[in-house]
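Every number for a ligand or one of its atoms is a count from 1 in the order of the listing. Heavy atoms only: backbone and side chains are in, while hydrogens, waters and symmetry mates are out.
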Amino acid sequence: MAEDFLHQIRVTTANPDHAICMEIHNKVLITLEELCVMIFGKMLHELGMPAPNRPIHDALNREFERERQYDRNTLSQSVQNKIPLLHLQQKTAYDTIMKSVNDGNGEFFFLDAPGGTGKTFLISLILDTIRAQSQIVPGSSIIWDSCYIIRLERGRTVHSALKLPLNLQTLDQPTCNITFVV
Ligand SMILES: Nc1ncnc2c1ncn2[C@@H]1O[C@H](COP(=O)(O)OP(=O)(O)OP(=O)(O)O)[C@@H](O)[C@H]1O
């Protein structure tokens, strides 16, 4: 990764002699930390690694910033195009969940259906609908399967988002550790 950053700097500064420096080390640490926050919900220092040189809240605020960067008009158009495509069960789930969101009920929903029946399609549409309403969805796209992250935009595992222990099966009384940063 450091070599990649070095290459970028050499190209952008047109200086092929530029060497690895503290700035590049720091950039690597920042990038690694963002991945760790996304996947494990932990900062580097919590994993026994050196912390990058920046205010600690930067990594967490970045997620909120990303949420603000959506083009609402494009999202609205996409949502309007996709809603008529929903099949009956998807539409029922969509209406139920969106009503809960709009009413501010703060409910939990568990979506379970056979593979290929449109869960990702539905979840993406729900997230796009919320974003199109210019609501921020921090910690959105929370899912169980880490392999699934690559399919859902800005996906995070439920273990990361809710800070669940990874060894659930071996704990008598598993608990999660959610901290709200306002
Ligand atoms: N209502 C719909 N209209 C058009 N295409 C749809 C609809 N629902 C799902 N699809 C498409 O069907 C395919 C499978 O849907 P999707 O990936 O959402 O299923 P899934 O339940 O999440 O699958 P898996 O459990 O295997 O991950 C995708 O290409 C998706 O875009």
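Heavy-atom distances between Gly116 and ligand 1 reach below 4.0 Å in at least one pair.
Of all the heavy atoms of Gln90, the ones lying under 4.0 Å from any atom of ligand 1 belong exclusively to the side chain.
Atoms of ligand 1 found under 4.0 Å from any heavy atom of Leu85 (numbered from 1 in listed order, with element): 1 (N), 2 (C), 3 (N). Contact atoms of ligand 1 toward Leu86: 1 (N) (distance under 4.0 Å to a heavy atom of the residue). Atoms of ligand 1 lying under 4.0 Å from at least one heavy atom of Gly118, given by number and element, are 8 (N), 9 (C), 15 (O), 16 (P), 18 (O), 19 (O), 20 (P), 21 (O).
Heavy-atom neighbours of Glu46 CD from other residues, nucleotides or ligands within 6.0 Å: above the threshold of 12.
Going from atom CG of Leu29 over to atom CG of Leu44 covers 6.0 Å, rounded to the nearest 0.5 Å. Atom CG of Leu75 and atom CZ of Arg131 lie 7.5 Å apart (nearest 0.5 Å).
Classification of Asp95 and Lys99 as a salt-bridged pair fails, no side-chain N sitting under 4.0 Å from a carboxylate O.
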Expected list for residues 105-118: side-chain donor-acceptor pairs under 3.5 angstrom, two or more places apart:
residue : atom : partner : partner atom : Å
Asn105  : ND2  : Glu107  : OE1          : 3.3
Glu107  : OE1  : Ser100  : OG           : 2.8
Thr117  : OG1  : Pro114  : O            : 2.5

